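I have placed the structure first, in the form of structure tokens, so that the comments after it can refer back to it.
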Amino acid sequence: MRKAVSEEINKTADTARQLATAVAGAVFLGLGVVAARVTSTAPPAILIALSVVLGAYVGVIIFASTHFMWLQDRLRSDWKQRFFSFLGTDDYKKLVTTPLEEAKHGFMVVSWIAGIISATMVLGVILFVTIDFTSKPTSVPLPAPATSNTQPSSSAIQPSPGTSAP
């Protein structure tokens, strides 16, 4: 029983490492898509499609891994009734359920982080790719500065009669 639990924990840890590797690869390829957009005239639709495929790749790994864990939970339930019925509930929980739930929790945290990073990467690529880097900024004409040799207007304040101007 100890060997089976250890193997399942190791499989869960390996799955989490594979997921982290997949996310790192997807992010680096996403950065490559951004670089391709800046340095070439690649069509945005192709770059967006590539980033969506990368995000879907990570999503499929998350789904397959979560499904595998669900199957293991179901099999463990069957094993408990058939092979480990001699163990009390507390012993089974201490020896099997708690260690596996802790490993599963670690994987779920990695899965959520991976999903958020992948979704952010896909949305970032979509937004970045839609920016047009080929157009030149338009210049706005500035107003002409006022000249100093203009005559004061007739509405300027005139000194009162009998007083002198400073």
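None of these values were measured; they are calculated from a predicted model.
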side-chain hydrogen bond (donor to acceptor under 3.5 Å, both in side chains): pairs with one or both residues in residues 17-29, sequence neighbours excluded:
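Found D14-R17.
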Provide the closest heavy-atom pair for M121 versus V27 in the form atom of the first, atom of the second, distance.
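Here M121 and V27 meet closest at CG-CA, 4.4 Å.
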Show the nearest heavy-atom pair for residues I61 and S65, with the distance to one decimal.
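That closest heavy-atom pairing would be O-OG, 2.8 Å.
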Residues in side-chain contact (heavy atoms from CB on, under 4.5 Å) with [X], at least two apart?
X    : result
P44  : R37, V129
F68  : K11, Q72
V122 : S51, V52, I126

Assigning hydrophobic clusters by single linkage (Ile, Leu, Val, Met, Phe, Trp, Tyr; side-chain heavy-atom cutoff under 4.5 Å), is M69 placed with L19?
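The answer is yes; both residues are in one hydrophobic cluster.
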Within-4.5 Å side-chain heavy-atom neighbours: L29 and L50:
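The answer is no, as the side chains (C-beta and beyond) never meet within the 4.5 Å cut-off.
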Any side-chain heavy atom of F63 within less than 4.5 Å of one from T66?
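Answer no - side chains too far apart.
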V23/S118 under side-chain contact (heavy atoms from CB on, under 4.5 Å): CA gap, chis, key distance, verdict
CA-CA 7 Å; V23 169; S118 295; 4.1 Å; yes
Quick test of your reading: applying salt bridge (Lys or Arg N to Asp or Glu O under 4.0 Å), list the pairs with at least one residue in residues 50-61, sequence neighbours left out, ordered by first then second residue.
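Matches after skipping sequence neighbours: none remain.
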Please table the atom pairs, donor to acceptor, closer than 3.5 Å between any side-chain atom in residues 100-116 and protein atoms at least two apart or in another chain.
{"from": "K104", "atom 1": "NZ", "to": "D73", "atom 2": "OD2", "distance (Å)": "2.6"}
{"from": "S111", "atom 1": "OG", "to": "F107", "atom 2": "O", "distance (Å)": "3.0"}

Who else is in the cluster with W70 when I, L, V, M, F, W and Y are joined by side-chain contacts under 4.5 Å?
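ILVMFWY cluster around W70 also holds L71.
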N/O donor-acceptor pair under 3.5 Å between T130 side chain and L127 backbone
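Here the side-chain-to-backbone pair exists.
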What distance do I48 atom CD1 and F128 atom CZ have between them, rounded to the nearest 0.5 Å?
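That separation rounds to 12.5 Å.
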